[in-house]
Amino acid sequence: MTHYLQYLYRIIALLFIFLVLPATIYAGESDRFKGWAWSSNIGWISFNCTNTNSCGTVDYGVTIALNNSTISGHAWSSNVGWIDFSGTTFNPTTGVISGTANVLTGSLESDGWDGDIELFDASPIAYGLDVEVDSEVAGYAWGDDVVGWVSFNCENDSSCGTVDYQVTVEPFFFDFTADSGLTPANKVAYDGNVTLNWTTNGAVSCTASGAPATGWASPPGKVAGEPSPGSDTIFNLQTDTTFTLTCQDSSNR
């Protein structure tokens, strides 16, 4: 019986740990910004069409370009319309979002208001936006007398127990893939070999763990970059094994 079991096919489980959620740079569901902000004057501001289930008819959102951390896209206010975030920026090292968003209906010629919403300013009143480790945006923006203060998190006004809202952002994403033989539908023979393939986009370092009897976690470290595919062949696999790859972005998240 032992000899027979020795040659049974073994199912190999593959586990990758994601430090941030997957995202791309397109509109709607895959935009990096999600959730709602609150304006003291104009009410709710939606950063993604998924908030209102309108992506099928009005596809909008705010996102970040991977190559230069430039923010683009539009948020929506039912009271003032589209808010353009093109040209604002995100610093992945400090977590600071800066620049000026613009309400497209603003016009100095008609109403004396240019539509600007300042996302960060140190004077005369210190305010600004920072992305926290948990991907929630903290802080306030200022939109002049028309928009007033824009709060990006219910923690700002201690309303989280009553009205929960926040804007979240996924600065980077990791996209992992594996070859055949690494799903419950596929199997690897006892004492056989298997190749793990992965691709990171936004990661600057990766650490392998688990699979103690295979050498998976041995140096050299698993590659990461912008982007960088990697692979590792595991030889003489003899037990059900979980492989773990943990990656970090440039701000150690």
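In this chain, residues are counted from 1 in sequence order.
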Report task. Could you list the residues that satisfy side-chain contact (heavy atoms from CB on, under 4.5 Å) with A211, not counting sequence neighbours? Result -> T214, W216, T241, F243
Query raised in the report: Listed by chain and number, what are the side-chain contact (heavy atoms from CB on, under 4.5 Å) partners of F47, not counting sequence neighbours?
Result: F33, A37, I45, V62, A75, F85, F152, V167
Query raised in the report: Just by modelled atom types, is the T50 backbone N or O under 3.5 Å from a matching donor or acceptor in the N48 side chain?
Result: yes
Query raised in the report: Would a distance-only check, ignoring hydrogens and angles, find a side-chain to backbone donor-acceptor pair under 3.5 Å from N193 to N236?
Result: yes
Query raised in the report: Are the side chain of S98 and the backbone of F120 linked by a donor-acceptor contact shorter than 3.5 Å?
Result: no
**Report entry** Nearest-0.5 Å distance, CG of residue D84 to NE2 of residue H74
**Finding:** 3.5 Å
Query - Interatomic distance, L119 atom CG to Y127 atom OH [nearest 0.5 angstrom] - result: 8.5 Å
Query raised in the report: Transitively linked via ILVMFWY side-chain contacts under 4.5 Å: L129 with I42?
Result: yes
Query - OG1-CG distance between T233 and L196, expressed to the nearest 0.5 angstrom - result: 8.0 Å
Report summary line: Sorted by chain and number, sequence neighbours left out, side-chain contact (heavy atoms from CB on, under 4.5 Å) with T100 holds for D116, E118
Requested in this report: Tell me, please, which residues at least two apart from W113 pass ring-ring contact (aromatic ring centres under 6.0 Å, His included).
Outcome: none
Query raised in the report: In Å and rounded to the nearest 0.5 Å, what is the CD1 to OG1 distance from I64 to T70?
Result: 9.5 Å
Report summary line: Contacts of D232 meeting salt bridge (Lys or Arg N to Asp or Glu O under 4.0 Å) (sequence neighbours excluded), chain-then-number -> K222
Report task. Report the distance from atom CD1 of I71 to atom OG1 of T63, rounding to the nearest 0.5 Å. Result -> 9.0 Å
Query raised in the report: Taking N153 for the side chain and Q166 for the main chain, is one N or O donor matched with an acceptor at less than 3.5 Å?
Result: no
Query raised in the report: Between W142 and W149, what is the ring plane arrangement, given parallel below 30°, perpendicular above 60°, and tilted in between?
Result: tilted
Query - Side-chain (D130) to main-chain (A138) donor-acceptor, under 3.5 angstrom - result: no
Query raised in the report: Under a single-linkage definition using a 4.5 Å side-chain heavy-atom cutoff for Ile, Leu, Val, Met, Phe, Trp and Tyr, are W38 and V147 assigned to the same hydrophobic cluster?
Result: no
Query raised in the report: Quick one: do W76 and W36 end up in the same hydrophobic cluster if we chain Ile, Leu, Val, Met, Phe, Trp and Tyr together by side-chain heavy atoms under 4.5 Å apart?
Result: no
**Report entry** side-chain contact (heavy atoms from CB on, under 4.5 Å) involving S159 - partner list, sequence neighbours excluded
**Finding:** C154, D157, V163, Y165
